[in-house]
Amino acid sequence: MQYVSTRAAASAASSSPQQFSDILLGGLAADGGLFLPSAYPQVSGAELDAWRQLSYADLAFEILRKFATDIPEADLRALTAKTYTKEVYRNARAGEKASQITPLRVLEEGDNGTKLVLQALSNGPTLAFKDMAMQLLGNLFEYTLAKQNAELNIFGATSGDTGSAAEYAMRGKKGIRVFMLSPHQKMSAFQTAQMFSLQDPNIFNIAIEGVFDDAQDMVKAVSNDLPFKTKQKIGTVNSINWARVVAQVVYYFRGYLSATTSNDQKVSFTVPSGNFGNICAGHIARMMGLPIDKLIAATNENDVLDEFFRTGVYRVRKSAETYHTSSPSMDISKASNFERFIYDLVGRDGERTRALFHKVETHGGFDLSGKPGSDGDEFKLVAKYGFKSGKSTHDDRLNTIRDVADDYGIVIDTHTADGIKVARENLEPGVTMIVLETALAAKFNETILDALGEDAERPEGFENIEDLPQKFVVMKPDVEKMKAYIAANTGL
Ligand SMILES: *Cc1c(COP(=O)(O)O)cnc(C)c1O
């Protein structure tokens, strides 16, 4: 399996092929594009039938081996077996089996043949779906670094979910340190406690005096110093990482296979979306031949994606136009994985993809509606890829959290509420609608309290997390100080 950049000229694509392990530890391709396989591996009906009975770990192995062809199969099997265990995904709730890793729960079967199902992706250590991919990434990184006798210092900024998922995936891993910046006293008490209570010597929490953008600017400034970056072996784990996307492909297969008994049954997915990483994995599963009917992107008030899927216009927002909402992990101004879908939509034309995303830089977006003066007419092909969208507001979230608690007796988080709201608008007779549950309610308790007048239930072990001793340093946004701190702790 070879990988190409979404911006590569047709000639360049064949001259510099890269393998899975080559792109595992990196981010963007050298030309600024994102990596994708040169062709999607295909899955036959017979394979799907055989996969119905597999455990999650074995299914993950079967899918990953098609993408990571340069990792010996026995090693890959050991890595998936170690990652997807009921001990890691132990936060399953009453009525769910931890051994299923991403258990399904039927919420409603309508008289007219509609069916609404929730797929739990948030039973891992940080109670959000980012664990599904990040836990595998931790094990893949450790394995690859050991083989190369190399080390890696992960450096990033977080406002919540990504940073904690990265720390829980990398804690205690040989050859890896994590330096994670967060805005001092700006995260919720729960999120702060989750990260700062880690005592592992390879985890460094740095609270920056300022807001998230100050922390993000520090990461950019340090990363722009290439000699420093190379000497300190600095890398990232952001949402464009290919291995993260591919790990997420697995739960679409698991969801489809668990919800059906034969491959002619129809299933759609509604996906609470921000950076388009999660739903991009659904697109790839569909391109591999998984019979997904519709892929529905649910956004909050930050509706960049909903706008595109309604109109064909992709218009990124300025930071002043970005809302701080009660589903904060979807508060994005642009969708960093969207380029992967656009590359497929424009017929895998790297030069055209490069021109469109250049226009994002210079003009803040592009228009594929086919109207006079637009940049193309490929919007008319979007339906062929199964995509639809919808949007939800703060009031919708409160109402949906209440409805779901009343009707089905479970408490969902705010991001999942955006998903359920949009899924309900798109139910069709004869099609099972799976909503991906992207976090557990305990993570966003403030809004649960507003909606229900009571606290969300906390999984076992999280009861007194705010009282645990915390390990972190507070720093002014000073780039030289930051570099000195990193160098002092890596000894490089
Ligand atoms: C990251 C995140 C999302 C958005 O996922 P994308 O891959 O960025 O589209 C949705 N919900 C939760 C809880 C998240 O942490």
Side-chain angles (χ1 to χ4, degrees), residues 56 84-105 107 117-135 158-169 187-195 197 248 251 254-255 270-274 278 298 300 325-330 392 397-398 400-405 408-421 423 434-452 454-466 468:
Y56 193 96
Y84 298 110
T85 70
K86 64 179 193 292
E87 288 73 30
V88 175
Y89 293 90
R90 66 166 169 271
N91 299 307
R93 286 158 298 180
E96 293 175 350
K97 265 204 189 124
S99 59
Q100 292 178 347
I101 311 299
T102 64
L104 300 190
R105 179 193 298 258
L107 296 183
V117 174
L118 196 61
Q119 185 175 7
L121 304 182
S122 313
N123 296 345
T126 74
L127 315 185
F129 89 98
K130 294 198 169 64
D131 290 328
M132 292 302 304
M134 206 71 92
Q135 287 287 319
T158 188
S159 52
D161 288 348
T162 305
S164 57
E167 291 188 353
Y168 280 78
M187 293 190 296
S188 73
F190 184 88
Q191 281 181 320
T192 308
Q194 256 190 324
M195 289 177 56
S197 65
Q248 293 172 175
Y251 52 70
R254 180 75 279 159
T270 301
V271 186
S273 291
N278 196 351
N300 62 20
T325 75
S326 49
S327 45
S329 301
M330 290 154 56
S392 157
R397 283 189 276 288
L398 295 180
T400 305
I401 290 167
R402 275 186 216 115
D403 282 357
V404 168
Y408 320 124
I410 67 160
V411 178
I412 53 166
D413 100 290
T414 51
H415 307 75
T416 307
D418 290 331
I420 299 259
K421 189 260 179 186
I434 299 181
V435 177
L436 299 184
E437 178 171 56
T438 55
L440 292 193
K443 271 201 117 158
F444 301 96
N445 189 51
E446 295 78 3
T447 310
I448 304 301
L449 205 51
D450 282 351
L452 302 178
E454 54 188 70
D455 289 321
E457 188 192 345
R458 282 198 182 182
E460 217 180 295
F462 288 86
E463 296 87 351
N464 304 310
I465 187 170
E466 290 94 339
L468 297 173

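Since the structure is predicted, the reported quantities are computational estimates derived from the model, not experimental observations.
- The shortest distance between side-chain heavy atoms of Asp403 and Ile420 does not fall below 4.5 Å.
- Under the salt bridge (charged side-chain N to carboxylate O under 4.0 Å, His left out) criterion, Asp413 pairs with no residue, sequence neighbours left out.
- Considering only residues two or more places apart in sequence or on other chains, Lys421 meets the salt bridge (charged side-chain N to carboxylate O under 4.0 Å, His left out) condition with Asp396, Glu425.
- Put simply, the side chain of Asn91 reaches to within 4.5 Å of the side chain of Phe462, judged on heavy atoms.
- Every residue was checked against the salt bridge (charged side-chain N to carboxylate O under 4.0 Å, His left out) condition with Arg90, not counting sequence neighbours, and none meets it.
- The number of heavy-atom neighbours closer than 6.0 Å to CD of Glu460, taken from other residues, nucleotides and ligands shown, is 12 or below.
- In terms of modelled atom types and a separation under 3.5 Å, the side chain of Tyr84 and the main chain of Met132 share a donor-acceptor contact.
- Considering every non-hydrogen atom in both Ala423 and Val435, the closest pair reads CB-CG2, 3.4 Å.
- Residues Arg397 and Asn300 have side chains in contact (heavy-atom distance under 4.5 Å, counting atoms from C-beta outward).
- For the pair Met330/Ser392, no side-chain contact is recorded, criterion being any heavy-atom separation below 4.5 Å from C-beta on.
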Is there a side chain to side chain contact (heavy atoms under 4.5 Å, CB included) between Thr126 and Asp161 once you walk through the steps? CA-CA 8 Å; Thr126 74; Asp161 288 348; over 6 Å; no
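- Listed by chain and residue number, Glu96, Glu437 satisfy the salt bridge (charged side-chain N to carboxylate O under 4.0 Å, His left out) test with Arg93 (two or more places apart in sequence, or in another chain).
- Listed for the Thr416 side chain is a donor-acceptor partner under 3.5 Å among the backbone atoms of Thr438.
- Across all non-hydrogen atoms, the minimal contact from Ser159 to Gln191 is O-OE1, 3.7 Å.
- In this structure, the side chains of Arg458 and Phe190 come closer than 4.5 Å at one or more pairs of heavy atoms.
- Counting only distance, with no hydrogens or angles, the side chain of Ser273 and the backbone of Val271 share a donor-acceptor pair below 3.5 Å.
- When every heavy atom of Ile465 is checked against every heavy atom of Ala193, the shortest pair comes out as O-CB, 3.6 Å.
- The distance from the OG atom of Ser122 to the NE2 atom of His415 is 10.0 Å, given to the nearest 0.5 Å.
- You'll find the side chain of Thr414 reaches within 4.5 Å of the side chain of Ile401, heavy atoms only.
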Show your reasoning for whether side chain to side chain contact (heavy atoms under 4.5 Å, CB included) applies to Lys443 and Ser164. CA-CA 12 Å; Lys443 271 201 117 158; Ser164 57; 3.9 Å; yes
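- For residues 120-133, no residue pair satisfies the salt bridge (charged side-chain N to carboxylate O under 4.0 Å, His left out) rule, not counting sequence neighbours.
- Proximity of a side-chain donor or acceptor of Thr162 to a complementary backbone N or O of Thr158 within less than 3.5 Å is not detected.
- Judged by distance alone, with hydrogens and angles left aside, the side-chain atoms of Lys86 form no donor-acceptor pair with the main-chain N or O of Lys97 at under 3.5 Å.
- Considering only heavy atoms from C-beta on, Tyr251 stays 4.5 Å or farther from Ile434 through its side chain.
- A side-chain donor-acceptor contact under 3.5 Å links Arg402 to the backbone of Ala451.
- For the atom pair CZ of Phe444 and OG of Ser327, the computed distance is 8.5 Å after rounding to the nearest 0.5 Å.
- You'll find the side chain of Ile412 reaches within 4.5 Å of the side chain of Leu118, heavy atoms only.
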Where do Glu466 and Thr192 land on the side chain to side chain contact (heavy atoms under 4.5 Å, CB included) test, with the steps shown first? CA-CA 8 Å; Glu466 290 94 339; Thr192 308; over 6 Å; no
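- For Arg254, the side-chain hydrogen bond (donor to acceptor under 3.5 Å, both in side chains) test picks out Ser258, with sequence neighbours left out.
- With Phe129 as the fixed residue, the side chain to side chain contact (heavy atoms under 4.5 Å, CB included) test singles out one of Asn278, Leu436, Asn123: Asn278.
- Taking CD of Glu454 as the reference point, atom CD1 of Ile448 lies at 10.0 Å (rounded to 0.5 Å).
- Atom CG of Leu398 and atom OG of Ser326 lie 6.5 Å apart (nearest 0.5 Å).
- In this structure, Tyr168 and Pro125 approach most closely via the heavy-atom pair CD2-CB, 4.0 Å.
- Between Ile101 and Tyr56, the shortest heavy-atom contact is CG1-CB, 3.5 Å.
- Across every non-hydrogen atom of Gln100 and Pro103, the tightest pair is OE1-CB, 3.5 Å.
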